[in-house]
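I have placed the structure first, in the form of structure tokens, so that the comments after it can refer back to it.
Both backbone and side-chain heavy atoms feed into the values below; hydrogens, waters and symmetry mates do not. When a ligand or atom number is given, it counts from 1 through the structure's own listing order.
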Amino acid sequence: MSLREVIARNLSDIQLRMANAARRVGREPSAVRLVAVTKYAQLEWVRELVNLGQKDLGESRPQQLAERSREFGPNVRWHLIGHLQRNKVEIILPRATLIHSVDSWRLLDALQKEAVKLQARARALIEINVSGEASKDGFQIDELRKNSRKLLEYSHIEIAGLMTMAPQSDDPDDARPVFRALHDFRNELTTLTDGGLNIPHLSMGMSGDFEVAIEEGSTLVRIGSSLFAGCEEAEIVRP
Ligand SMILES: *Cc1c(COP(=O)(O)O)cnc(C)c1O
């Protein structure tokens, strides 16, 4: 199979599985968007994917997002999904359609400051460390619960939702309580802020657990490895 065929097959397979997961719980398939994670993908593979019509791409490293956004121009919406250092806010803010990984008050402050300077509005998701693992970035639920109204003070940041990563596991169902907790906390946060926060998005689900995430209300799934499975081999047989 050619590289294009491999990626086309992976993409349609994932889209079908996404739609089926949504239908299983009575959701519209169009309510869930695929963010194709390209952090380990070669440029050539990303080109094929974009040619196939995929518009939302995710990178975890700010530098690589910046480089690739220059390469692809306005056909692509870039999502930053990895940790953002405050000194990289300047390069990311003009380029990212959505920053999924806002994990501290200090980063929120830096985004606000830069957005004011650019007379722009940053779009962000608040990353939550639901499982409380020490190795993970993100706010603790309790921290946000106590200070929820602080989120209303960022005039130049559109807080569009929440993001989380489930602990590593071979069984996708292990992730379900984590995804459910994020969904519940989103609803709680809306109440705590008296509806002052409009936070429709839940960014949750990766290659190993995206169907469970969709069943639990995900609106953005971040999928990398299964989208590009077989690409290495495909290139070898290319003419
Ligand atoms: C790499 C990454 C993904 C994609 O993971 P896959 O298992 O390759 O689908 C999703 N989210 C984040 C934050 C990542 O770093």
Side-chain angles (χ1 to χ4, degrees), residues 6-7 9-18 21 32-43 45-46 48-49 52 54-68 76-85 88 92 95-104 107 123-139 160-176 178-179 182-183 201-234:
V6 169
I7 296 176
R9 183 201 55 190
N10 291 348
L11 180 61
S12 65
D13 175 58
I14 288 166
Q15 286 168 336
L16 182 65
R17 287 170 59 193
M18 286 173 60
V32 191
R33 187 180 296 179
L34 170 64
V35 176
V37 175
T38 52
K39 64 184 175 194
Y40 297 134
Q42 295 172 21
L43 213 48
W45 310 352
V46 184
E48 293 289 3
L49 185 64
L52 287 163
Q54 176 64 30
K55 287 211 158 26
D56 289 276
L57 303 186
E59 283 286 344
S60 56
R61 286 179 34 236
Q63 201 60 48
Q64 186 153 312
L65 187 154
E67 281 160 23
R68 290 185 165 183
V76 168
R77 290 185 292 259
W78 289 98
H79 298 247
L80 184 74
I81 61 167
H83 180 66
L84 177 57
Q85 291 166 283
K88 298 276 167 47
I92 286 304
R95 295 183 171 87
T97 185
L98 186 63
I99 301 166
H100 292 230
S101 42
V102 175
D103 54 9
S104 70
L107 179 56
R123 284 187 77 234
L125 305 179
I126 304 296
E127 181 172 358
I128 312 276
N129 183 355
V130 174
S131 56
E133 289 169 282
S135 61
K136 282 201 157 60
D137 292 323
F139 284 90
L162 307 179
M163 178 271 221
T164 201
M165 284 171 83
Q168 192 65 41
S169 167
D170 291 335
D171 181 358
D173 258 308
D174 288 347
R176 193 180 296 279
V178 172
F179 296 150
L182 192 75
H183 191 160
H201 284 293
L202 293 174
S203 171
M204 52 190 201
M206 315 191 344
S207 290
D209 54 23
F210 70 89
E211 287 153 301
V212 170
I214 290 169
E215 288 170 8
E216 297 299 332
S218 174
T219 66
L220 294 161
V221 290
R222 311 176 308 268
I223 299 180
S225 47
S226 54
L227 199 45
F228 296 107
C231 284
E232 295 276 2
E233 295 78 5

Does any N/O atom on Gly224 come nearer than 3.5 Å to any N/O atom on ligand 1?
yes
So which bit of Lys39 gets within less than 4.0 Å of ligand 1, heavy atoms only: side chain, backbone, both or neither?
side chain
To the nearest 0.5 Å, what is the distance between CG on Leu202 and CD on Glu216?
10.5 Å
Counting only N and O atoms by type, is there a donor-acceptor contact under 3.5 Å from the side chain of Asn10 to the main-chain atoms of Leu227?
yes
Sub-3.5 Å N/O-N/O distance, Ser207 and ligand 1
yes
Those atoms of ligand 1 less than 4.0 Å from some heavy atom in Ile223
9 (O)
Donor-acceptor pair, Gln54 side chain versus Asp56 backbone, under 3.5 Å?
yes
Before accepting this row, confirm whether a basic side-chain N of the pair Arg176/Glu215 lies closer than 4.0 Å to the acidic partner's carboxylate O.
yes
If you have a sec, work out which protein heavy atom is nearest atom 7 (O) of ligand 1 and how many Å separate them, to one decimal?
Ser225 OG, 3.5 Å
With atom 13 (C) of ligand 1 as the reference point, say which of Ile81, Leu80, Asp137 has the nearest heavy atom.
Ile81
Could you list the atoms of ligand 1 found under 4.0 angstrom from a heavy atom of Arg222?
4 (C), 9 (O), 10 (C), 11 (N), 12 (C), 13 (C)
Just verifying a value: how many Å separate Gln168 CD and Asp209 CG, rounded to the nearest 0.5 Å?
9.0 Å
Check whether any side-chain heavy atom of Pro167 sits under 4.5 Å from a side-chain heavy atom of Glu133, and report yes or no.
yes
Nearest protein heavy atom with distance in Å, relative to atom 5 (O) of ligand 1:
Met206 CE, 3.6 Å
